[in-house]
Q: 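A single structure is presented below for examination.
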Amino acid sequence: MPELPEVETVVRDLRPALAGRLVTDVEHGDKRLRHPWDPSWGEQIIGRKIATIERRAKWIVICFSPAAALLVHLGMTGQLTVQPTECSLADHVHLRLQLDGGVDLRFRDIRRFGGAEFLGERISWEERLLESCLGPEPWDLSEGIWLQKIQNTTRPVKSILLDQKTISGIGNIYADEALHKAGIHPQTPGKSLDKTAGVGLLLSARTVLEEAIEGRGTTLRDYVGGSGLKGSHQFRLAVYGREGEPCTSCREKVRRIVISGRSSHFCPICQPIAGRKRGGKRVIP
DNA sequence: ATGCAGTCCTGTAAGC
DNA sequence: TGCTTACAGGACTGCA
């Protein structure tokens, strides 16, 4: 399930493979994705060159010349890869951009939670994402504004981390990992976090995402980078998907509960319920 | 205004 | 063996 680190890996892989290439043909399947595909978009994309590939939170932005952009969201199972044009199409490929040089950019998405939206000259991709109220990424969110946001609500802190309007780029895996690193129970109400805990959580989120980017993201099932390679960060997860296994810090069994319909993994020793603070985590080599 | 539950979707795995 | 059921969750909608 691609979150910010996985999307960043895809974008880093795609850049050298796509920059400067001319789009010679566009094909779209008939299955409905997150955004319905306007039949006129293909014709509008053909003849443009790919200028740059950007990333904003979990969105991939393919910027064309002359100016226009294709916004892509990978959803749960989306894959955006570059392949030789002659390669046979896999199942669930919904969008195919044929490029000069004999390569394709293909969007494949089994569960179809992802999708692509073409933006012409009318609106820039920055404006489009601003319009959808996408919040800042953890590095661009000031400690002051973050504290103000979390201390103003009783929502469980896990839900706040997943709220893309408040802080963007974090999904279920890295929310659990950030809370574990910060030693905060996922059900803690936002307003119960003091300044130290709140700032600690923001810093933990940044660190967890940075480490995952270094590991080319987390591959649990479907995720692959832009070159088709899997990530490696799944081997470094402390709590996510490890229910019943020992905590990497204290060996207590990792628990799983459901918060706003999402699995939440945590260590009951390292992440006590709000109010009770511990010292540093016990680290067992 | 806020926060929660329901919805979409399909492959996988567990249970009978 | 073959069927049914539960589960995974990002982002959106609708309701309380």
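Here is how names work: the chains are called A, B, and so on, in the same order as the sequence lines, proteins then strands, and each is numbered from 1. Nothing here was measured: the structure is a model prediction, and the numbers come from that model.
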Q: Identify all side-chain donor-acceptor contacts of residues 263-270 of chain A below 3.5 Å with residues at least two apart in sequence or on another chain.
A:
from     : atom 1 : to       : atom 2 : distance (Å)
A:Ser263 : OG     : A:Arg256 : NH1    : 2.6
A:Ser264 : OG     : A:Lys158 : NZ     : 2.9
A:His265 : ND1    : A:Asp176 : OD2    : 2.8
A:His265 : NE2    : A:Gly241 : N      : 3.4

Q: Run the side chain to side chain donor-acceptor pair (under 3.5 Å) test against A:Arg155 and tell me which residues pass, sequence neighbours left out.
A: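 So A:Arg155 forms a side chain to side chain donor-acceptor pair (under 3.5 Å) with A:Asp163.
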
Q: Under a 4.0 Å heavy-atom cut-off, which of residues 3-11 of chain A touch DNA chain C?
A: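 Per residue number, the list is empty: none.
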
Q: What residue pairs, at least two apart or across chains, pass salt bridge (charged side-chain N to carboxylate O under 4.0 Å, His left out) with a residue in residues 17-33 of chain A?
A: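 Qualifying pairs, neighbours excluded: A:Glu27-A:Arg96.
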
Q: For A:Thr207, check side-chain contact (heavy atoms from CB on, under 4.5 Å) against everything at least two apart and list the hits.
A: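 Testing A:Thr207 for side-chain contact (heavy atoms from CB on, under 4.5 Å), a comparison that skips the adjacent residues, returns A:Lys181, A:Glu211.
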
Q: Look at the side-chain N and O atoms of A:His92 and state whether any lies under 4.0 Å from the OP1 or OP2 oxygen of B:dG11.
A: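 So the side-chain polar atoms of A:His92 do come within 4.0 Å of the phosphate oxygens OP1 or OP2 of B:dG11, strictly under.
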
Q: Strictly below 4.0 Å: does A:Lys165 bring a side-chain N or O up to OP1 or OP2 of C:dA11?
A: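 For A:Lys165, the contact criterion (side-chain N or O under 4.0 Å from OP1 or OP2 of C:dA11) is not met.
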
Q: Which residues pass the side-chain contact (heavy atoms from CB on, under 4.5 Å) test with A:Thr154, sequence neighbours left out?
A: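 By the side-chain contact (heavy atoms from CB on, under 4.5 Å) rule, A:Thr154 matches A:Lys191.
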
Q: Could you pull out all residues at least two apart from A:Glu252 that satisfy side chain to side chain donor-acceptor pair (under 3.5 Å)?
A: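 Expected list: none.
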
Q: For A:Glu245, which residues count as a side chain to side chain donor-acceptor pair (under 3.5 Å) partner, sequence neighbours excluded?
A: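 Checked A:Glu245 against side chain to side chain donor-acceptor pair (under 3.5 Å); matches are A:Arg242.
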
Q: Which angle, rounded to 10°, do you find between the first-five-pair axis and the last-five-pair axis of the helix from B:dT2-C:dA16 to B:dC16-C:dG2?
A: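 Its terminal axes enclose an angle near 60°.
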
Q: Base contacts versus sugar-phosphate-only contacts with protein, heavy atoms under 4.0 Å: please encode nucleotides 2-9 of chain B as B, S and - from 5' to 3'.
A: -SSS-BBB

Q: Running the 4.5 Å side-chain criterion over Ile, Leu, Val, Met, Phe, Trp and Tyr, what cluster does A:Val93 land in, apart from itself?
A: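 A:Leu89, listed by chain and number.
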
Q: Tell me, please, which residues at least two apart from A:Ile123 pass side-chain contact (heavy atoms from CB on, under 4.5 Å).
A: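 Scan of A:Ile123 (side-chain contact (heavy atoms from CB on, under 4.5 Å), adjacent residues dropped) gives A:Leu119, A:Glu127, A:Arg128, A:Glu131.
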
